[in-house]
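Here's the structure we're looking at; comments come further down.
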Amino acid sequence: MKKLSLFALLVLVVRRDLVLAMRRRADVLTTLIFFVMVVSLFPLGVGPEMDMLRKMAPGVLWVAALLASMLSLGRLFSADYLDGTLEQMLLAPQSLSVLVLGKMVSHWMVSGLPLVLMTPVLGLQFDMSMQAIAVLILGLLLGTPILSMVGAIGAALTLGLRGGGVLLSLLVLPLCIPVLIFGTGAVEAVTSGLSVSSHLSLMGALLVLALAFTPWVTAQALRISME
Amino acid sequence: MLEVSNLACSRGDHRLFSDLSFALHPGQIMQIQGANGSGKTSLLRTLCGFIIPDDGKISWCGENVRELDEAYFAQMMYLGHLNAIKDELSALENLRISAGLSGTELNEKDAIAALRRMGLRGRERLPTKVLSQGQRRRVALARLLVSDAKLWILDEPLAALDVGAVALIQELIAEHLARLGMVIFTTHQPLHVAGMEMRCLSLS
Amino acid sequence: MAINWFKYSAPTTFYGLAGKLIPWFAISAAVLCIVGLYIGFVVAPADAQQGEFYRIIFIHVPSSILSMFLYLIMAAYAAMGLIFNTRLSSMMASAIAPTGALFAFISLWTGALWGKPMWGAWWVWDARLTSELILLFLYLGFISLHASIDDPRRADRAAALLAIVGSVNVPIIYFSVQWWNTLHQGSTIKFTGTSMHIAMQQAMFTMLVACWLYAITVTLMRVRSIILERERHTKWITELAEVKA
C-alpha cells in the first residue's frame, strides 16, 4: 500500500470536507444568509443617511463576518466528534496538525470565502466607493482565514460542552480584535487617502503567525478535549 | 509487542483500575472482561493514547508509546463504539477516506474487494445513511481488511452484527493472528478463534 | 500499592503551609492598605490641575497593574501545570483567575469614575481602558471555560491552553488597540505636567504592595478550598482536624 505524503493528506482532508459540505448545502447557506441579514439590518437600525452608512460600512461588514464565522465554527469539529471520525484522526500516523490545517482550510472555503464574495454587493448597499470595496475585500481575504484558524482553537477547546456555541464566541472574539482593527483600519485609510500597505501587511503578518502556530495549538486542544 | 506495567487510570474521582500489568506478544489475542463501568473502554482508550494514565507505562517494542507517538499509531488500529463513518458518503468513499486518514492510499479495486468480503456487495456506492446498523458496522470493520496495522484494538467489534458477520470477524482475527498480529478486544458476546488460546484480563 | 509521593506531596504540604502564611499576608495587606489610603487621601496634596479627583489613581493604578501581572502569572502557572503535569500549578492558576478579573473590573470602574469629572463621560474609548476591557474578557473566557468542563483535569488543561494563547495574544491586542486609538485621535488618559509629589509616590507604592499582598492572601485562601474540594476523597483530607470537627 502506498503511503500518503503530507500534502496529499492535506488535499484529502480538504476534499473530504468540501464534499461533505456540498452534500449538506443548507449549513453553508445559513452562514451566508446570516451574514447578509445582519449587514442589512444595520441601516434599519441606524437610519438611511448615506454619509453615516458609508462611514460605518467596513465596521459593520467586519463585525458581521466575525459573528458569521463564530456561527459556523461550532460545526468545525462537532460532526467528526459525534460520529467517531475525530478519534480516528487523532490516531493518524501522520501529523495531526496537517489534518487540522486541512479542516481549517476547508472551513474557510465553505464559510469565509462566500462572505468575501458577497461583500461587493453589500458594499454597494452602503454606497462604498470601488476603491474602498477593493481594500475591504483584500482585508477580508487576509483576515477571514485568521478567524477560521483562531476559531478552530476555541472550537477544539469547547468540543462536546454544554452551551459550547456561546462559550466559543466568548473565548474567540477577544482574540480576533486585532483582525477587526486592521481590517477596518485599512478601509478607513484608503477612504481618507492614506496608504493601506501598513494595515494589510500587519494583517498578512498575523496570517503567517496564525498559519505557523494555530494548527499545532488546535491539535493539542483536540487531544485535551478527547481525553 | 505491547507491554503494560503498573497502569492506573481514573475517571473523575473514581479509580477504575490500578497496578495493571500484562504483555501481549505477536500472534496473541486477549479479551478484556468486566462488568459495565469496570473500565474496559477506558483501558482500550488508554492503550490508544487518548487518556493519559495516572500512573504506569505502556510500551510498544520496548519504547514508551508517548515518545513513539505517531510511529506507534502507524502500527495500531482502533475500532471504537462509534463507527467513524459519514452518513453523506458512500461505503466506498468512507473506506477510502478512512484509509487515507490513517496514511495509506487505497485504490478503488481493493476497497471494493474489502467491502464485498464484508458482505456489502451491491451496496458499495450507496450513501451509508440508507444502510442498517449492522451494515454500517461492517463498513467500519472493513478497515481491518485494508490496514497493515500489527495491533488491533477492538471495542465491542461484534455489536449489531448478525451470525454470519460474527463468523467473518472470527475468521479475520484468525488470519491476523496467523500473520503474527495482535488483538486486544472487549465483547459481551462469545467470540471463538479456532486453534488460538484466548487470554482473559478481568477488570473488577 | 506504589504511591507516587511526588504527585501527592505537593498539595498536601502546601495546604498546611498556605494556612500558616495566610494570616501574615492578610494582616500586612490590611495595615498597608490603611496606611496607603491615609497617605493618599489625607497627607498627599491636591493636584494642581485635577484637584481632589486624581486621588482615585491610588486604587486605579495598582489594580490595573495587578490585573495585567496576574494574567501573566496565571498563564505561567497554567503552562507549568500543562507541561509538567503538576496539579498544584493548575490549582494556583484557577485560584488566581477570579482575583485578576476582580482587579480588571475595579480598574475599569475606577477609570470610569475618574473619567466622568475629567472628560465629562463615564466611558472614553481610551487605549488603556479598552485594553483593560479586553483583558477582563480574557479572564472571563478562562473562568467560563474552566467552569463548563466537568472533569477537573480536562478543565485545567483546556483552560491552560487558552491562557497561553491569550497571553501570546495580549501584546498583539494591546498594540493593535494603541494603533487604533492613535488613528482615531481618541482621548488618552494622561497625568500631564506636574511631577508627582513625594507623598503621592509613597501612597501609590504602599497601595501597590497592599494590593499584591491582598492578591496573594485571597489566592492562597482559594487554592486551599480548591485542594479540599479536589482531594476530598483522599485519606489526608479526612484526617485533617478542621474536616473532622
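Protein chains get the first letters and strands the later ones, always in sequence-line order, with residue 1 at the start of each. All figures in this text were calculated on a predicted structure; none of them were measured in a lab.
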- Could you tell me which non-hydrogen atom of C:Ile173 sits nearest to which non-hydrogen atom of A:Pro174, and how far apart they are? CD1-O, 3.5 Å
- Message: So C:Arg157 and A:Arg223, do their side chains get closer than 4.5 Å, heavy atoms only?
- Response: no
- Can you see which heavy atom on A:Ile224 is nearest to which on C:Ala158, and at what distance? CG2-N, 3.7 Å
- Task: Would you please indicate yes or no on a ring centroid separation below 6.0 angstrom for A:Phe182 and C:Trp180?
- Result: no
- Tell me, for C:Ile164 versus chain A, whether the close heavy atoms (under 4.5 Å) come from the side chain, the backbone, both or neither. neither
- Item | Residue C:Asp150 versus chain A: region with a heavy atom under 4.5 Å | side chain
- Message: Does A:Phe77, at its CZ atom, have more than 12 non-hydrogen atoms belonging to other residues, nucleotides or ligands within less than 6.0 Å?
- Response: yes
- Scanning both residues in full, the closest heavy-atom pair of A:Leu206 with C:Ile172 reads CD2-CG2, 3.8 Å
- Query: At their closest point, which heavy atom of C:Gly166 faces which heavy atom of A:Leu175, and how far apart are they?
  - Reply: CA-CD2, 4.2 Å
- Are more than 12 heavy atoms from other residues, nucleotides or ligands located less than 6.0 Å from atom CZ of A:Phe34? yes
- Task: Among A:Val217, A:Val150, A:Ile181, single out the residue with the greatest number of heavy-atom pairs under 4.5 Å to chain C.
- Result: A:Ile181
- Name the region of A:Leu180, side chain, backbone, both or neither, that has any atom closer than 4.5 Å to a heavy atom of chain C. neither
- Residue among A:Ala221, A:Ser192, A:Pro178, A:Ala189 with most heavy-atom pairs under 4.5 Å to chain C: A:Pro178
- Message: Please classify the contact between A:Leu209 and chain C as side chain, backbone, both or neither, with a heavy-atom cut-off of under 4.5 Å.
- Response: side chain
- Give, as side chain, backbone, both or neither, the part of C:Val177 having an atom under 4.5 angstrom from any heavy atom of chain A. both
- Message: Tell me the closest heavy-atom pair linking C:Ser148 and A:Leu161, and the distance in Å.
- Response: O-CD2, 3.7 Å
- Message: If you compare all heavy atoms of A:Leu171 against all heavy atoms of C:Gly141, which two are closest, and at what distance to 0.1 Å?
- Response: CD2-O, 3.3 Å
- Against chain C, residues from residues 63-75 of chain A with at least one heavy atom under 4.5 Å, in numeric order, are none
- Query: What do you reckon, is CE of C:Met221 surrounded by more than 12 foreign heavy atoms closer than 6.0 Å?
  - Reply: no
